[in-house]
Amino acid sequence: MIENRGQRTEGAEAKDDRRWKRGGRKTSRFSIFSFLFLIAILSVLCAMHYAPCAYAETVETKYFTVSLCDGCSPSSFAQKINATGLFRLDALSKNDSDIRSVIKDGIDSLFLEVCDALDIAIKSYRGRLVVFPDIIEVSKVASGSAQIVEANLPSIYVPSNNTIYISFKDVTAGMLAHEMAHAVISAYFGVVPPTRVQEILAGYVEYSIRKKMGSLPQRR
């Protein structure tokens, strides 16, 4: 009788062991699914974080979709990015279509200047440009991106969504050209150059644009 009870006990322990293993596998699967679900939620939140402000004015150019957030005057922005100096903004009316035309021409002209400076020709390119009111909003995007090392910047380019984020308060044609250079480099090269090389090239482009505009500091 004792021997039989021992056999039943061993059998029961074996069954319990099998149940524990099955339960462990179920718990492991549940943990994996929970982790994946959490990642999905975080991705959605990041996408919301990257989205332009709710009441943005959008201008479609040949190369960019430009989103201007509330507080970012289209006419002032057009003045700031007037890289070529060919547009007489003071002669324009307050008509929205005129301002939109200037923004389109200014953005596309600057983009072509950047391509010329890099000696890179891109047949087809489409990117996004989001204009935030100030550096604070740009910094929030930078801090939420693993691709941006320094967060406190007035302008950044995020390769993962091919978007330039820039501060309306600080924007200049040279600054925008710098970020456009990053976008061109990212789109053109199959293997993107190291960050330091990219910064050297983008810095050269910014210098070229500022020199052409006459906005470089005067030598004493």
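Each of I166, V131, D134 was compared with C72 under the side chain to side chain contact (heavy atoms under 4.5 Å, CB included) criterion, and only V131 meets it. When each of N162, T65, T61 is checked for a side chain to side chain donor-acceptor pair (under 3.5 Å) with R126, only T65 meets the rule.
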Show me the donor-acceptor pairs within less than 3.5 Å that the side chains of residues 168-176 make with the rest of the protein, sequence neighbours left out.
from: D170; atom 1: OD2; to: S167; atom 2: OG; distance (Å): 2.7
from: T172; atom 1: OG1; to: M175; atom 2: N; distance (Å): 3.0

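Taking the six-membered ring where the residue is Trp, F132 and Y165 present parallel rings, their angle staying beneath 30° rather than reaching 60°.
Note on V192: it does not cluster hydrophobically with Y188, by side-chain heavy-atom contacts below 4.5 Å among ILVMFWY residues.
At distances below 3.5 Å, not a single donor-acceptor pair connects side-chain atoms of E57 with backbone N or O atoms of L68. Put simply, the side chain of S186 never gets that close to the backbone of H182: no donor and acceptor are under 3.5 Å apart.
Looking at E199 and R196, no side-chain N of the basic residue comes within less than 4.0 Å of a carboxylate O on the acidic one, giving no salt bridge.
In terms of heavy-atom proximity, A183 sits nearest to Y125 at CB-OH, 3.3 Å.
In this structure, the side chains of V59 and F64 stay at 4.5 Å or more apart for every pair of heavy atoms. Here the side chains of I99 and F77 are not in contact, with every heavy-atom distance at 4.5 Å or above.
To the nearest 0.5 Å, atom OG1 of residue T195 and atom CD1 of residue I200 are 11.0 Å apart.
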